[in-house]
Each structure stands twice: as C-alpha cells, then as structure tokens.
Amino acid sequence: MVLEPINYSFFQQPTLSLARALLGKLLVKETELGMASGWIVETEAYLGPEDRAAHSFENRRTKRTEIMFGPPGYAYTYVMHTHCLVNVVSGEIGCPQAVLIRALEPCCGIDLMYQRRGKEKKERELTNGPGKLTKSLGIVKEDYGRALFKYPLFIAEGKEIESVGVGPRIGITNSREAVHYPWRFWVQENPFVSSKNSSRIRKSLVNQLLS
DNA sequence: CGCAGGATCCGCT
DNA sequence: GCGGATCCTGCGA
C-alpha cells in the first residue's frame with residue numbers, strides 16, 4: 001500500500017476543528033521493521049494558555065513544551081510513566097496548542113503491531129489507548145519535533161466519518177474547571193475508542209464536586 | 001540534587 | 001475497580 005502524506009495546509013485550522021478533522025485520517029509510521037498505520041478514531045484538544053489541563057497552560061514554555069510554540073503539523077511526543085504519547089501540534093506560531101491522538105483502528109501492518117504489543121493480545125487492545133497505539137506503530141519519544149507531513153511519520157487521507165461523539169477529556173482529574181470542557185472527539189460506534197464506559201469521567205466529576 | 005506528580009497500562013480482585 | 005510499575009520533567013532548596 002502506497003500512502004501519501006497529507007497537504008500541509010490541513011494543519012492550518014483552529015485546534016478544535018483540527019481535532020474533529022483528524023477523525024478518520026490515517027496515522028502512519030515507517031520503521032526498519034516496516035510500515036504500520038491506523039485510522040484515527042479518538043482525539044483530544046489541548047488549548048494552551050487558557051486550558052488548565054494543557055502542558056502549555058499559562059504559556060508555560062519549557063524544553064518539553066517548546067515544540068507547541070512553533071508552527072502546526074509537528075509531533076509532540078512525551079513519556080507518561082512508561083508510555084509514549086503522541087500529539088499533533090496545532091495553532092499558529094506562538095500559540096501553544098495540540099491534539100492528542102487517543103485511539104486508532106488498525107489499518108496496515110497489523111502483524112507488526114502484534115509483534116510489538118504481544119501475540120496474545122486481542123486486536124482491539126493493539127490501539128485502543130494513547131500509549132498502546134504508539135507502541136503498535138513504533139512511535140517513540142525521539143519522534144519529538146518530527147514533521148507530520150512527510151515520511152517516515154505522517155498523517156494521510158483516510159475515510160469519511162459518519163457521526164462524531166463529543167465529551168469531556170480523560171484522565172485530567174486535577175484540572176478544575178477544564179475537567180468539563182467537551183474537547184474529546186471520537187467516531188461513534190467504533191470499538192477501538194479507548195474508554196467506552198464513562199466510569200473515569202464520572203470519577204472526575206465526583207472529584208470536582210468534592211473540591 | 002531531591003522530590004512530587006502525572007494527557008497510562010496491566011494484572012488482580 | 002484499584003494499586004503498583006517505574007520514567008521523565010520541572011521546580012525549589
């Protein structure tokens with residue numbers, strides 16, 4: 001399968017709009033072991049300065065957040081415990097925003113994904129979480145700052161989405177008012193969406209009430 | 001230089 | 001559902 005990176009202009013749109021537009025697109029990574037890709041089925045927008053859940057809240061500018069202050073269309077990777085997570089940098093220069101890729105539906109290189117994640121895994125477990133999908137595709141922290149519009153790591157056209165679900169983001173329990181912002185987007189009825197049950201959301205709402 | 005705190009995952013209950 | 005694994009990063013002393 002020959003895949004062509006998307007046009008750069010795709011990244012030049014407001015972050016919430018980009019987060020929705022990424023649904024259905026392909027995320028592709030080529031390594032020495034081969035190519036693996038998946039359709040994006042779940043994203044979260046992080047809106048920078050005014051978003052308490054964002055690493056760039058209040059324009060916090062460090063070595064880690066630096067890439068978000070540059071132009072859109074580059075990879076922001078970082079390590080969470082033992083896992084690597086990948087974001088698409090969004091927003092104009094000086095506006096540090098990003099879209100977290102939370103889940104994929106495997107497309108090509110599925111054998112490679114099993115090899116990386118473990119043969120005993122169910123197909124759904126290959127890519128139904130932000131740390132799982134990076135492992136399946138071979139995306140690592142060294143991909144930090146890489147362009148997402150050319151090989152070996154890029155976004156490509158995928159398929160049309162029928163309907164989009166919208167709701168609060170996952171795992172940001174200490175972000176006060178930002179806990180409620182409906183900035184998570186997913187493909188309705190898609191089994192690869194990371195958190196089907198809303199227990200973690202309920203938990204975050206409870207924490208909100210208690211604080 | 002030490003330490004606290006996660007945009008997670010997995011295994012066990 | 002819950003807790004532990006185990007890794008940076010960022011901040012303050």
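All figures in this text were calculated on a predicted structure; none of them were measured in a lab.
For A:D51 and B:dA7, the CG to P distance is 11 Å, given to the nearest whole Å. In this structure, the NZ atom of A:K122 is 11 Å from the P atom of B:dG11, given to the nearest Å. The separation between A:L100 atom CG and B:dA7 atom P is 10 Å, rounded to whole Å. In this structure, the NE2 atom of A:H83 is 13 Å from the C1' atom of B:dA7, given to the nearest Å. Atoms CD1 (A:I172) and C1' (B:dG5) sit 16 Å apart, rounded to a whole Å. Rounded to an integer number of Å, the gap from A:Y46 OH to B:dG6 C1' is 11 Å. Spacing between atom OH of A:Y78 and atom C1' of B:dG5 amounts to 12 Å, rounded to whole angstrom units. Note: CG (A:L126) to P (B:dC9) measures 13 Å, nearest angstrom.
The closest donor-acceptor contact from the side chain of A:T77 to the backbone of A:K141 lies under 3.5 Å. Between the A:R60 side chain and the A:T65 main chain, no donor and acceptor come within less than 3.5 Å of each other.
Within the 4.0 angstrom heavy-atom criterion, only backbone atoms of the sugar-phosphate kind lie near A:R117; the bases stay farther away.
Looking at the side chain of A:K121, the nearest of the listed nucleotides B:dA7, B:dC10, B:dC9 is B:dC10.
Nucleotide B:dA7 is matched to nothing when pairs are restricted to Watson-Crick or G-U wobble geometry with both distances under 3.5 angstrom. Nucleotide B:dC12: paired with C:dG1 (Watson-Crick or G-U wobble, both distances less than 3.5 Å).
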**OP:** At under 4.0 Å between heavy atoms, which parts of nucleotides 6-13 of chain C does protein reach? Answer with one letter per nucleotide, 5' to 3': B base, S sugar-phosphate only, - none.
**Re:** BBSSSS--
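A salt bridge links A:R184 with A:E42: the closest approach of a Lys/Arg side-chain nitrogen to an acidic carboxylate oxygen falls below 4.0 angstrom. A salt bridge links A:R52 and A:E177; the closest N-O separation between the charged side-chain nitrogens and carboxylate oxygens is under 4.0 Å.
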**OP:** Could you give me the CA-CA distance, side-chain angles and deciding distance for A:L3 and A:M35, then say whether side chain to side chain contact (heavy atoms under 4.5 Å, CB included) is met?
**Re:** CA-CA 10 Å; A:L3 292 169; A:M35 181 177 280; 4.0 Å; yes
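Phosphate contact (OP1/OP2 of B:dA7, side-chain N/O of A:N87, threshold under 4.0 Å): absent. Contact check, A:R184 against B:dA7: no side-chain N or O comes under 4.0 Å of OP1 or OP2.
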Side-chain donor-acceptor distances from residues 19-33 of chain A under 3.5 Å, at least two apart:
residue, atom, partner, partner atom, Å
A:K25, NZ, A:A21, O, 3.4
A:K29, NZ, A:G138, O, 3.0
A:K29, NZ, A:D143, OD1, 3.3
A:K29, NZ, A:D143, OD2, 2.9
A:T31, OG1, A:L33, N, 3.1
A:T31, OG1, A:R116, NH2, 3.0

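Aromatic ring pairs are classed by plane angle as parallel below 30°, tilted from 30° to 60° and perpendicular above 60°; the pair A:Y151 and A:F154 is tilted.
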